[in-house]
Amino acid sequence: MEDIATLTLAGALDGLKKKEFSSVELNQALVDSIDKKDGDLKAYLKMDPEYILKQAAESDQKRAAGDDSSLLGVPIAIKDLINVKGESCSCASRQLEKYNALYDATVAAKLRYAGAVFAGRTNMDEFAMGSSTENSAFQITRNPHNLECVPGGSSGGSAAAVAGGEAIAALGTDTGGSIRQPASFCGCVGMKPSYGRVSRYGVTAYASSLDQVGPMTKTVEDAAILLKELAGFDPHDGTTLDVKVPDYQAHLTGGMKGLKIGLPKEFYVDGSDPEVSQAVLKAVESCRAAGAEIVDVSLPHTEYAIAVYYILATAEASANLARFDGVRFGHRAESPKSVFDLYAQSRAEGFGTEVKRRIILGTYVLSSGYYDAYYGKAQKARTLIREDYTKAFEKCDVLMTPVSPTPAYKIGEASQDPLKMYLGDIFTVPANLAGICGISLPCGSTRGGLPVGLQILGPAFGEERILKTAYAFEQMQGA
Ligand code: GLN
């Protein structure tokens, strides 16, 4: 069998189908690889070899009996905020340290239906709040390209596992960049589907009007395979749209010829690391050389995106996290002196610093007297940002931008300065605010050997288009 480090989802499925290896052999190789590497990377919060191999043995039996479900026997790592019945789901928080999921999230049920093996729970920033995975209550995940650097976040565990040879593919979530940015820091593919494309049912909510689940993989083809399984209308999530799910993999054809690529000028300003800008512009240039037309576009409200995002996301988070009160949900303080004390102490002990900061911010922007000035204004500005994108997509098919202004930085370098960390989300949060889709894929590396990601954005429900473009770019890179 090919090394787990390079084995793709497509390759694993092919090998299983052709009986080159069994699911037990495949999953044993994965477990061995995690055992070997996770001491350094710390990508997983939990990985139970027995549970994995039991599922693998069952899928081998099913295959022998003629079952040919689309993901039968292939392990998929899961970010630790997606509920999988019976499994822990800590959200990297003390609040849920002892919680086991009572039901399957829709995405988990879909993976189960497709025959996938649940491979382990990946680390993340607590409740998905952060950009470096340093906000996990339990451990700091490291970047497989340089163990002194962060893997990005909040889906840093999934990205490090995929890029570091500890997973074939993984699920992440993206509220303001948490799939795309860690994918770019670690050098894998990460896709945020359009809002409403994938169900959020059973996915612990951070900011419900922005959250989406998506694939984190080694190749664009793998992202296409996994997205097809995840996407679609769900009666449990009223924000999913009843739009047919295309066979994304079958559409991965064609090159760059005739494609109109927009370069938003607001994304190419001073302030980015020159090595990042150079790698991205080189990628754009190679698309032009391969026959794409490059057009300049403007997204004039980009400058407000960070402020709008950090008002809306924290407002929604403060409401979503109100349920962790030590009574209905979450950690309960040992010996409170009163009911008020029970709430206050349980929350004080259960939440980490960054989560508390966001709850305070969010409560403030929603409080009477400030609501209109902050929350109301941010909603209006969000509409303007969304309209910017609608107009831009009248002039081009896709947009190409950097994913993050910097490559991965050293552990500890940004964690003491929350504002600095927030500003690093400038290129990713607009897509969530606008509800559109985006993908990050590797386009080069710095002189220090750290990966640089290229972001391709498409209109809402334009997943086919960005996957096709990303695939064409990936093929050019490989050639
Ligand atoms: N870094 C952003 C934040 O901290 C995005 C997080 C995410 O997408 N979950 O909110």
Side-chain angles (χ1 to χ4, degrees), residues 78-82 91-93 122-136 141 150-159 170-186 190-195 198 200 203-216 305-321 351-362 365 378 382 403-406 408-409 414-415 417-440 453 455 457:
I78 312 282
K79 186 177 180 180
D80 203 29
L81 83 176
I82 298 172
C91 303
S93 178
T122 57
N123 195 26
M124 54 184 282
D125 286 299
E126 184 177 2
F127 286 108
M129 297 176 188
S131 311
S132 66
T133 313
E134 291 165 290
N135 296 337
S136 165
T141 298
V150 301
S154 63
S155 313
S158 289
L171 295 193
T173 59
D174 191 312
T175 303
S178 280
I179 289 176
R180 291 161 288 156
Q181 184 258 25
S184 99
F185 277 18
C186 290
M191 176 163 195
K192 183 201 95 69
S194 314
Y195 190 75
V198 177
R200 294 175 298 108
V203 179
T204 312
Y206 162 16
S208 312
S209 78
L210 302 158
D211 299 341
Q212 271 294 292
V213 180
M216 304 185 76
I306 289 286
V308 169
Y309 171 81
Y310 276 96
I311 290 171
L312 297 180
T314 57
E316 294 183 29
S318 72
N320 278 326
L321 299 187
F351 290 128
T353 311
E354 182 59 28
V355 176
K356 284 178 188 157
R357 182 180 291 122
R358 308 248 179 147
I359 293 173
I360 292 168
L361 264 169
V365 298
R382 180 178 187 173
V403 182
S404 166
T406 66
Y409 36 82
S415 53
D417 184 349
L419 190 59
K420 184 172 165 194
M421 187 86 88
Y422 297 171
L423 291 172
D425 296 336
I426 178 63
F427 299 144
T428 49
V429 296
N432 303 75
L433 293 167
I436 61 172
C437 58
I439 190 167
S440 165
Q455 176 168 245
L457 298 170

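Every value quoted in this text rests on a predicted model; they were computed, and no experiment measured them. Atom set for the values below is all heavy atoms of this structure, side chains included, hydrogens, waters and symmetry mates excluded. Order of appearance sets the numbers: ligands from 1, and atoms from 1 within every ligand.
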Close N or O approach ([X], ligand 1; < 3.5 Å):
| X | result |
| --- | --- |
| Met129 | no |
| Ser131 | yes |
| Thr173 | no |
| Tyr309 | yes |
| Gly176 | yes |

Please report which non-hydrogen protein atom sits nearest to atom 7 (C) of ligand 1, along with the residue it belongs to and the distance in Å to one decimal place.
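The closest heavy atom on the protein side is Ser178 OG, 2.4 Å.
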Protein contact of atom 2 (C) of ligand 1 - nearest heavy atom, named by residue and atom, plus distance:
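For atom 2 (C) of ligand 1, the nearest protein heavy atom is Asp425 OD2, 3.2 Å.
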Check against side chain to side chain contact (heavy atoms under 4.5 Å, CB included), Tyr409 and Val150
CA-CA 6 Å; Tyr409 36 82; Val150 301; 3.7 Å; yes
Report yes if some heavy atom in the side chain of Ser209 is under 4.5 Å from a heavy atom in the side chain of Arg382; otherwise report no.
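Yes, their side chains come closer than 4.5 Å.
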Would you say the side chain of Asp211 lies within less than 4.5 Å of the side chain of Thr173, judging by non-hydrogen atoms?
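No - every pair of side-chain heavy atoms lies 4.5 Å or more apart.
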Counting from 1, what ligand 1 atoms have a heavy atom of [X] closer than 4.0 Å?
| X | answer |
| --- | --- |
| Ala128 | 6 (C), 7 (C), 9 (N) |
| Gly177 | 8 (O) |
| Asp174 | 8 (O) |

Measure [X] to ligand 1 on non-hydrogen atoms and call it side chain, backbone, both or neither using the 4.0 Å cut-off.
| X | value |
| --- | --- |
| Lys192 | neither |
| Thr175 | both |
| Ser154 | side chain |
| Tyr310 | side chain |

Determine whether the side chains of [X] and [Y] contain a donor N or O and an acceptor N or O closer than 3.5 Å.
| X | Y | value |
| --- | --- | --- |
| Ser131 | Gln181 | no |
| Glu316 | Ser208 | no |
| Ser155 | Lys79 | yes |

Heavy-atom pair of closest approach, residues [X] and [Y]:
| X | Y | value |
| --- | --- | --- |
| Pro182 | Gly153 | CD-O, 3.5 Å |
| Gly424 | Pro405 | O-CD, 3.3 Å |
| Ser132 | Asp125 | N-OD2, 3.4 Å |

So Tyr310 and Tyr422, would you call those rings parallel, tilted or perpendicular, with 30° and 60° as cut-offs?
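If you compare the ring of Tyr310 with that of Tyr422, the planes turn out parallel.
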Gly130 near ligand 1, heavy-atom distance under 4.0 Å?
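Gly130 counts as a contact of ligand 1 under the 4.0 Å cut-off.
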Below 4.0 Å from ligand 1: does a non-hydrogen atom of Glu354 turn up there or not?
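Outside the 4.0 Å threshold, so no.
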